[in-house]
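Remember, predicted model here, so these are calculated numbers, not experimental data. Chain A is the first sequence line, chain B the second, and so forth, proteins listed ahead of strands; every chain is numbered from 1. All values below were derived from every heavy atom in this structure, side-chain atoms included, with hydrogens, water molecules and symmetry-related copies excluded.
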Amino acid sequence: MPAAPQFQSEFLRTFAARGAYYDCSGPEELDRLFAKERVTAYIGFDCTADSLHVGSLVQLMTLRRLQQAGHKPILLMGGGTTKAGDPSGKDDTRQMLTSEQIEANKQSILGGIKHLLHFGDGPSDAILVDNAEWLDRLEWLPFLREVGRHFSVNRMLTLESVKLRLEREQPLSFLEFNYSIMQAYDFVELYKRYGCRLQSSGSDQWGNVVSGIDLGHRLANVQLYGLTTPLITTASGAKMGKTAAGAVWLNSDRVSPYDYWQFWRNTEDGDVGRFLRLFTELPESEITRLENLEGAERNDGKKILATEATSILHGREAAGLAAETARRTFEEGASAEGLPSFEIERAKLEAGIPVPNLAQMSGLTSSTGEARRFIQGGGLSVNNVPVKDVKANVSLSDVKDGAIKLSLGKKKHILIKPV
RNA sequence: GGGGGAGUGUCCCGAGUGGCAAAGGGGGCGGACUGUAAAUCCGCUGGCUUCGCCUUCGUAGGUUCGAGUCCUACCUCCCCCA
């Protein structure tokens with residue numbers, strides 16, 4: 001990672017101090033620009049799924065910080081680029097999505113991140129645009145003559161995303177090959193429409209950002225800038241936010257605020273300070289204090305990280321609720337109300353249900369076979385007591401305080417409520 | 001258009017001689033130890049009405065008591081030639 005320069009402007013200084021800085025085109029000039037005027041900057045997100053996940057959080061935080069520093073963020077939804085598919089970081093061609101799916105994804109993504117930015121007409125209010133607005137309408141030959149002539153295939157072949165596919169002898173369709181041209185075109189289009197001067201992105205998009213800057217010179221005779229953030233990995237080197245259960249999604253219907261809070265609560269020791277800087281807005285002095293706590297006190301830092309990060313995404317109330325549910329569950333061992341629950345007919349329970357079936361029905365395990373294996377490994381508990389026998393039953397007599405607490409390991413719990 | 005090669009457990013990579021629920025990794029999950037951490041060790045990592053049955057090796061057929069393994073056609077991809 002390149003060392004961050006000594007920035008003068010408020011925004012870039014904070015950006016770097018928070019650990020979000022990776023690289024930048026023309027750092028001195030961009031710094032002067034930020035010091036002198038309100039900068040319009042954009043970040044694009046593709047609509048490949050119905051929710052973003054924590055991998056995009058650094059980018060979202062960048063938009064938020066721009067806004068807080070009085071600049072103007074543009075949230076670009078890639079309704080158009082998604083129709084091509086970004087080859088970056090993918091071995092295989094993505095499945096082609098229909099326009100309807102893309103539109104539905106877009107709406108869903110927006111719903112999940114609405115707390116993060118303030119949209120409107122004010123000077124530093126965020127703008128929402130969809131690149132399908134212009135990309136959908138392009139005409140093949142005029143586009144090639146106006147824009148395509150500025151792209152050298154020789155250079156495009158050296159783009160990381162393209163090179164990787166070629167080296168691995170993985171297919172790269174012509175459709176995908178055009179992705180970086182579209183992204184470059186977006187940048188110039190946003191300059192023309194909104195005076196956008198800066199594109200921020202993850203470091204993996206650097207090649208595409210630079211293409212946009214070049215195109216700005218050629219089509220609009222303007223100096224555009226790029227600012228990238230580092231790829232966030234955990235202290236043990238794993239890509240953040242991917243588990244077997246899937247990505248840590250931002251939309252609450254995929255990952256509940258409680259589970260989201262838990263995700264941050266389980267941060268490795270070595271990541272606490274870094275994550276507090278990146279994903280919360282606490283002052284540096286407080287972060288320094290938290291990251292220097294020793295031993296078990298480190299958990300205090302993790303709880304604050306969890307609550308702050310959850311607040312930014314889901315609001316302070318939901319975060320507080322998640323924190324309280326976690327406290328009751330882990331620190332008091334109680335069957336806290338806020339845990340996920342599953343309702344079952346009283347009559348069925350009265351007759352007695354084998355534990356593996358109940359685990360499967362409630363969604364705690366994906367199959368009865370899996371539940372059986374967990375029982376054999378001692379990983380499944382009823383009311384905090386490990387189940388010993390695969391054939392064990394639960395019935396009404398196991399109901400305590402209106403529910404049976406079924407647990408998978410120490411962290412996953414579900415309340416079975418008879419109705 | 002011609003020639004050569006590849007597609008394996010739906011997380012990924014990858015062995016596989018006609019008897020295979022299919023080696024080995026990585027990743028993930030569970031247990032022990034802890035602090036809801038890391039490291040380490042152990043276990044699990046197709047489904048079910050589980051001492052048994054069912055479904056899996058690109059797709060569809062065929063040969064065989066038996067097919068991931070052999071044959072045929074098709075699909076997708078890679079490489080070379082044109």
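Distance noted for atom C1' between B/C11 and B/C44: 16 Å (whole Å). Comparing B/U69 with B/U17, their P atoms sit 12 Å apart, to the nearest whole Å. Between the C1' atoms of B/C70 and B/U64, the separation comes to 10 Å (whole Å). Nucleotides B/U59 and B/C75 have their P atoms positioned 15 Å apart, rounded to a whole Å. Comparing the P positions of B/A39 and B/G7 gives an interatomic distance of 35 Å, to the nearest angstrom. Nucleotides B/G16 and B/C77, compared at atom P, are 26 Å apart to the nearest Å. Using atom P as the reference point in both B/C42 and B/G35, the two lie 23 Å apart (nearest Å). With C1' as the reference atom, B/U10 and B/U45 are 14 Å apart, rounded to whole Å.
Contact annotation: side chain of A/Arg372 to base of B/U50, donor-acceptor pair present below 3.5 Å. Residue side chain A/Gln262 reaches the base of B/U36 through a donor-acceptor N/O pair under 3.5 Å, judged by distance alone.
If you find the closest nucleotide of RNA chain B to A/Lys303 and to A/Glu370, the one lying nearer the 5' end belongs to A/Lys303. Between A/Leu408 and A/Gly270, the residue whose closest nucleotide on RNA chain B is further toward the 5' end is A/Leu408.
Of the charged side-chain nitrogens involved, none lies within less than 4.0 Å of a carboxylate oxygen, so that A/Lys72 and A/Asp125 do not count as a salt-bridged pair. Salt-bridge check for A/Glu284 with A/Arg289: failed, with every basic side-chain N at 4.0 Å or more from each acidic carboxylate O. A salt bridge links A/Glu10 to A/Arg13: at least one charged side-chain nitrogen sits closer than 4.0 Å to a carboxylate oxygen. A salt bridge links A/Glu281 with A/Arg64: the distance from a Lys NZ or Arg NE/NH1/NH2 to an Asp or Glu carboxylate oxygen falls below 4.0 Å.
Among the heavy atoms of the strands lying under 4.0 Å from A/Gly409 are primed sugar atoms or P, OP1, OP2 only; no base atom is included. A/Gly378 comes within 4.0 angstrom of the backbone, heavy atoms only, and of no base. Base engagement by A/Arg265 is indicated by at least one non-hydrogen atom pair under 4.0 Å involving a base atom. A/Asp300 comes within contact range of no nucleotide atom at all, as no heavy-atom separation falls under 4.0 Å.
The only member of A/Tyr185, A/Phe151, A/Trp134 that meets ring pair (Phe, Tyr, Trp, His ring centres under 6.0 Å) when paired with A/Phe143 is A/Tyr185. With A/His314 as the partner, the ring pair (Phe, Tyr, Trp, His ring centres under 6.0 Å) test is satisfied by one option alone out of A/Trp261, A/Tyr260, A/Tyr258: A/Tyr260.
Candidate nucleotides B/C29, B/A37, B/U45 were compared by shortest atom distance to the side chain of A/Arg373, and B/U45 ranks first. Checking B/U34, B/G35, B/C48 against every side-chain atom of A/Ser367, the shortest atom distance belongs to B/C48. Which of B/U36, B/C29, B/U34 sits closest to the side chain of A/Lys410 comes down to B/U34.
One interatomic measurement links the two molecules: CG of A/Asp389 to P of B/C51, which rounds to 13 Å at whole-angstrom precision. Spacing between atom CZ of A/Arg298 and atom C1' of B/U34 amounts to 15 Å, rounded to whole angstrom units. Rounded to a whole Å, the NZ atom of A/Lys391 is 13 Å from the P atom of B/G52. In this structure, the CZ atom of A/Phe374 is 18 Å from the C1' atom of B/U50, given to the nearest Å. Distance, A/Ile375 CD1 to B/G43 C1': 15 Å, rounded to whole Å.
For the OP1/OP2 pair of B/C48 and a distance below 4.0 Å, the side-chain nitrogens and oxygens of A/Thr368 include at least one atom meeting the criterion. Between A/Lys411 and the phosphate of B/G35, there is no side-chain N or O to OP1/OP2 separation shorter than 4.0 Å. In this model, the phosphate group of B/G35 is not approached by any side-chain N or O of A/Asn266 to a distance below 4.0 Å at OP1 or OP2.
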